[in-house]
Amino acid sequence: MSSVDEIMAGADKPVKRPVIKVENVSFSYPSDESNLVLQDINLEVFRGEFLALLGHNGSGKSTLAKLFNGLLVPLTGDIEIFGLNTAYEENEFKIRRNIGLVFQNPDNQMVTTIIEDDVAFGPENVGIPRNEIIERVRWALDAVGMSAYAKGTPTRLSGGQKQRIAIAGVLALKPKVIVLDESTAMLDPRGRREVLAVAKRLQKEEGITVILITHFMEEALMADRVVVLDKGKVYMQGKPLEVFENEEALKQIKLGAPPVISLKNRLREMGASINDVYTEGELAKELGKLI
């Protein structure tokens with residue numbers, strides 16, 4: 001596929017094509033083949049989209065992330081990344097250069113004692129010329145707001161800063177998609193805000209597709225679309241407010257809406273006229289109007 005968004009022959013408007021296409025995918029681990037971790041998953045992710053994947057531990061979120069990257073292959077069904085099927089070994093290198101995966105613990109992703117060397121590690125291993133590596137490292141560190149730390153050591157960084165360096169290491173490979181697999185789970189609130197701000201900026205300014213896997217409901221509010229997994233199946237999906245308005249459905253799988261959305265919903269049930277809100281600040285303004 002030469003372009004994600006192509007104009008079909010005879011059509012007047014561009015047809016949006018997915019960068020990731022999951023068709024009827026099921027998966028089980030060899031250690032427990034009778035237990036399907038994913039069951040008949042169908043999902044599309046589009047270029048430049050910010051997608052949030054939600055669900056409890058064991059719902060299949062991280063397994064799906066590894067399937068996106070080709071670290072795992074489906075038991076049944078197909079996954080295509082930019083038109084390349086992950087089941088074929090010859091596609092593995094191209095797929096992994098297009099999809100960067102950032103894991104939960106940044107310490108597990110750091111391999112050197114100097115930050116700029118760590119960011120350069122990925123490009124060096126895929127044979128990028130030295131001059132280009134230098135430019136990529138500068139660009140990646142600037143993109144995550146960590147240029148001032150290039151000569152420093154990761155041991156002196158906060159959790160949020162380490163995770164930003166991990167993202168920079170992925171960015172240096174110039175992927176078209178970044179998957180953040182519970183990348184904020186081990187961070188304090190400040191660190192989480194730092195990482196999420198970087199992710200949103202990369203989507204808006206660089207056009208990178210971002211897939212955020214999280215169990216923090218409030219983080220999903222910044223996404224363009226939310227997909228909720230339960231017991232290995234797609235339980236519901238839609239725009240963040242569409243999903244979180246349906247609190248009863250979320251309660252069925254022991255999930256809840258972000259506090260700001262729940263409070264807004266309760267106020268509406270009491271007859272208050274409140275516009276849609278995403279943040280505590282927006283809700284405060286709405287309450288101020290009522291007062």
Could you go through the side-chain contact (heavy atoms from CB on, under 4.5 Å) check for V243 and L54 one step at a time? CA-CA 11 Å; V243 170; L54 304 178; 5.5 Å; no
Could you tell me whether the side chain of [X] and the main chain of [Y] form a donor-acceptor pair under 3.5 Å?
X    : Y    : value
H215 : A185 : no
Q163 : S158 : no
N91  : N85  : yes
S183 : Q104 : no
E219 : F216 : no
K61  : L53  : no
N42  : N24  : yes
R192 : T184 : no
D118 : V111 : yes
R201 : A143 : yes

Are any non-hydrogen side-chain atoms of [X] and [Y] less than 4.5 angstrom apart?
X    : Y    : result
I213 : V179 : yes
P74  : L67  : yes
P258 : L221 : yes
I211 : I20  : yes
L267 : L287 : yes
I79  : F27  : no
L171 : W139 : yes
V19  : N98  : no

Could you tell me the separation between the [atom1] atom of [X] and the [atom2] atom of [Y], rounded to the nearest 0.5 Å?
X    : Y    : atom1 : atom2 : answer
N246 : K251 : CG    : NZ    : 10.5 Å
K21  : F46  : NZ    : CZ    : 9.0 Å
L84  : F93  : CG    : CZ    : 12.5 Å
I41  : L43  : CD1   : CG    : 7.5 Å
N69  : D181 : CG    : CG    : 10.5 Å
F68  : I95  : CZ    : CD1   : 12.5 Å

Give a yes or no on this: more than 12 heavy atoms of other residues, nucleotides or ligands lie within 6.0 Å of atom CZ of R268.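 More than 12 heavy atoms, drawn from other residues, nucleotides or ligands, come within 6.0 Å of this atom.
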Should we say atom CG of N57 is surrounded by more than 12 heavy atoms from elsewhere, each under 6.0 Å from it? no
Does anything in [range] form a salt bridge (Lys or Arg N to Asp or Glu O under 4.0 Å)? List the pairs, not counting sequence neighbours.
range            : value
residues 24-39   : none
residues 84-94   : E92-R96
residues 278-291 : E286-K289

Kindly give the heavy-atom pair with the smallest separation between [X] and [Y], and that separation in Å.
X    : Y    : result
G77  : V25  : C-CG2, 4.1 Å
A257 : M217 : C-CB, 4.4 Å
P240 : D224 : CD-O, 3.7 Å
P106 : G159 : CG-O, 4.2 Å
V102 : A166 : CG1-CB, 4.3 Å
V277 : L241 : O-CD2, 3.9 Å

side-chain contact (heavy atoms from CB on, under 4.5 Å), that's the test. Do L157 and K162 meet it? Break it down for me. CA-CA 6 Å; L157 300 179; K162 287 180 180 180; 3.8 Å; yes
For residues [X] and [Y]: do they belong to one hydrophobic cluster (side chain heavy atoms under 4.5 Å, members Ile, Leu, Val, Met, Phe, Trp, Tyr)?
X    : Y    : answer
I99  : V210 : no
I133 : V144 : yes
V226 : I253 : yes
F50  : F244 : no

Return a table of donor-acceptor pairs under 3.5 angstrom between the side chains of residues 227-238 and protein atoms on other chains or two or more places apart.
unit_1, atom_1, unit_2, atom_2, d
Y235, OH, A249, O, 2.7
Q237, OE1, R225, NH1, 2.9

Atom pairs and distances, side-chain donor-acceptor, residues 122-132, under 3.5 Å, sequence neighbours left out:
unit_1, atom_1, unit_2, atom_2, d
E124, OE2, R130, NH1, 3.0
N125, ND2, F121, O, 2.7
E132, OE2, R136, NE, 3.0
E132, OE2, R136, NH2, 2.8

Can you sort out the partners of [X] under side chain to side chain donor-acceptor pair (under 3.5 Å), two or more places apart, ordered by chain and number?
X    : result
K200 : Q203
Y29  : T63
E135 : R138
D117 : none

Got a list of side-chain donor-acceptor pairs under 3.5 Å for residues 145-153, not counting sequence neighbours?
unit_1, atom_1, unit_2, atom_2, d
S147, OG, D142, N, 3.2
Y149, OH, Q161, NE2, 3.2
K151, NZ, E116, OE2, 2.7
T153, OG1, T113, O, 3.2
T153, OG1, T155, OG1, 3.3

Ignoring hydrogens and geometry beyond distance, is a side-chain donor-acceptor pair present between E182 and S62 at under 3.5 Å?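 Per modelled atom types, E182 and S62 side chains form no pair under 3.5 Å.
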For K264, enumerate each residue passing the salt bridge (charged side-chain N to carboxylate O under 4.0 Å, His left out) test, keeping only those at least two apart in sequence or located in another chain.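 Partners of K264 under the salt bridge (charged side-chain N to carboxylate O under 4.0 Å, His left out) test: E245, D276.
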For the pair I167 and L180, evaluate side-chain contact (heavy atoms from CB on, under 4.5 Å) and give the outcome as yes or no after the intermediate values. CA-CA 9 Å; I167 293 173; L180 302 173; 4.1 Å; yes
Please write out which residues are connected to L36 in a hydrophobic cluster, directly or through intermediates, given that two of Ile, Leu, Val, Met, Phe, Trp, Tyr count as joined at side-chain heavy-atom separations below 4.5 angstrom. L75
For I81 and V177: C-alpha separation, side-chain torsions, deciding distance, then whether side-chain contact (heavy atoms from CB on, under 4.5 Å) applies. CA-CA 10 Å; I81 311 296; V177 180; 5.9 Å; no
